[in-house]
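The structure appears below as structure tokens.
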Amino acid sequence: MTILRYRLLLPLASALAFIGLWVVASSLAGPRLLPGPLSVVTAMLEGVRTGTLVGDLAATLSRTAAAFVLAMGFGSALGYALGRRPLLDRFVDPWIVLLLNLPALVVIILIYVWFGLTEAAAVAAVAINKLPNTVVVVREGARALDPALDDVARVFRFGTARRLRHVVVPQLAPYLMAAARSGLSLVWKIVLIVELLGRSNGIGFALGNAFQLFDVSAILANALAFVLVMLLIETLVVQPLERRSNRWRRRPA
Amino acid sequence: MNAAATAGAAGPLDVSIAAKAFTGADGARVEVVRDLQFAMPSGCFGALIGPSGCGKTTVLRMIAGLDADFDGTIARPGRGRLAMVFQEPALLPWRTVDENIRLCMDAAGVEGRGLDAMLGMLGLAGHRARFPSELSLGLARRVALARAFIVEPDLLLLDEPFVSLDEATARRLRAELAALHAATRPTTLMVTHDVEEALLLCDRLFVLGGTPASVVHVMDVTVPREDRTDEVVAALRRDLAEARSSHG
């Protein structure tokens with residue numbers, strides 16, 4: 001009963017309270033400024049029926065996935081290298097600080113100016129925005145690697161692949177998960193800006209159109225649809241992955 | 001346990017370290033080892049003994065290839081396949097007992113036909129699916145022993161393998177180590193600060209001393225291991241003390 005209460009009833013009550021607040025706010029502000037839940041859901045269903053919402057969603061999702069994989073892949077490799085090699089770290093660190101503090105918009109505009117309004121430029125611009133964040137988090141993990149386990153891998157001649165898979169990655173797992181979590185939410189937000197500025201499809205492009213038409217229902221419908229998809233990814237992919245990588249921590253008493 | 005284990009493990013361990021120094025925090029070089037030499041024939045169980053902080057573990061790490069920053073040569077027996085039992089069990093916490101052992105077997109390319117018997121002998125048969133965090137220190141140390149012996153090493157290094165265990169558990173583990181060594185006879189070198197432990201288990205003792213450290217005394221223990229009762233060990237200890245004092 002307690003488990004049921006905490007795991008189901010509380011989130012349900014929270015969702016209902018949110019919708020209730022939304023209805024009240026909508027009736028206060030008027031349907032033009034803030035349409036109620038019903039008209040937003042109607043707009044969503046309409047988007048699904050005509051296929052525009054699904055198409056935009058697919059475009060944004062594939063850009064998000066591509067940029068996410070690139071940023072995580074290169075960022076993890078670079079972060080690991082910097083965490084293990086202090087001299088290299090000292091050399092590269094100023095660049096990382098620079099990238100960390102460069103506004104996303106500046107990176108996007110520069111990449112578009114230099115490489116044109118192409119798909120590759122769009123994805124690259126997003127990946128570069130996420131990259132330094134991954135580097136910093138994974139570097140911290142690489143610095144915290146247990147030297148005793150490294151000795152085991154060396155004495156028993158594990159070789160690179162075995163060492164990475166069984167010794168290094170499990171130790172980096174919490175850092176990789178943290179980078180992935182914050183990364184996913186960051187990446188899709190930046191993808192929208194990239195789409196707004198230089199693509200002719202995707203949720204960002206649709207939001208830009210809706211903004212010009214002052215269609216708040218469409219704005220909310222697009223945003224809500226994407227948040228729902230990301231929630232699904234979080235519960236169906238990220239959380240099971242996290243549980244799996246933490247399996248060994250659980251100890252029956 | 002594995003008859004095949006003794007086949008290729010020929011050749012002595014020959015250690016000759018001219019100098020080993022560390023760079024201290026203030027940048028000064030501190031010499032910890034100078035002219036340290038000793039050798040062991042194949043299949044011998046040797047011990048490096050000496051007071052804490054005399055450089056035993058440093059020497060063992062050099063022999064293990066974990067520290068290559070020294071002047072000198074180290075010839076390892078056979079194909080040079082190593083195994084080591086560390087001061088801490090150093091098991092991978094995210095792998096089960098079974099996976100921890102199998103990883104080392106796979107890396108060494110051995111089939112591990114004696115694994116079931118070995119785990120049975122060490123009392124680990126019922127713990128194979130457990131994670132290291134679910135094991136007592138004694139059990140974790142046994143896993144570390146199993147992992148080291150199952151790879152059929154040409155050279156087995158033990159760094160204070162029974163430190164911080166209660167005496168009863170340490171006693172049982174020493175007996176199990178003796179049995180494992182008797183079954184396959186890998187060339188073995190143990191670091192310990194416990195002279196009795198060395199006298200109980202080993203064929204040859206290398207006493208380290210001085211700063212920088214070197215081998216100041218070598219003692220062969222010829223009494224068969226099964227005859228080394230508490231009284232015999234006590235007598236051996238007196239012999240060692242006498243021999244060292246007469247040495248100067």
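A note on names: the letters A, B, ... follow the listed sequences, proteins ahead of strands, and every chain is numbered from 1.
For a residue to count as touching a neighbouring chain, one of its non-hydrogen atoms must lie under 4.5 Å from one of that chain's; by this rule A:R162 touches chain B with the side chain only. In this structure, chain A has a heavy atom under 4.5 Å from the backbone of B:L91, while its side chain stays farther away. Heavy-atom distances place both the backbone and the side chain of B:R147 under 4.5 Å from chain A.
Ring geometry for B:W94 versus A:W248: interplanar angle over 60°, hence perpendicular rather than tilted (30 to 60°).
Side-chain contact check for B:E152 and B:T184: no donor-acceptor pair (N or O, by modelled atom type) lies under 3.5 Å. Looking at B:N100 and B:R128, their side chains never bring a donor and an acceptor atom within 3.5 Å of each other.
Per-residue counts of heavy-atom pairs under 4.5 Å with chain A were compared for B:L82, B:L157, B:L103; the largest is that of B:L103. Note: B:P93 leads B:A83, B:G65, B:P93, B:A64 in heavy-atom pairs under 4.5 Å with chain A.
Close placement of the A:W188 and A:F226 rings is indicated, their centers lying within 6.0 Å of each other.
Atom CZ of A:R143 has more than 12 heavy atoms from other residues, nucleotides or ligands within 6.0 Å.
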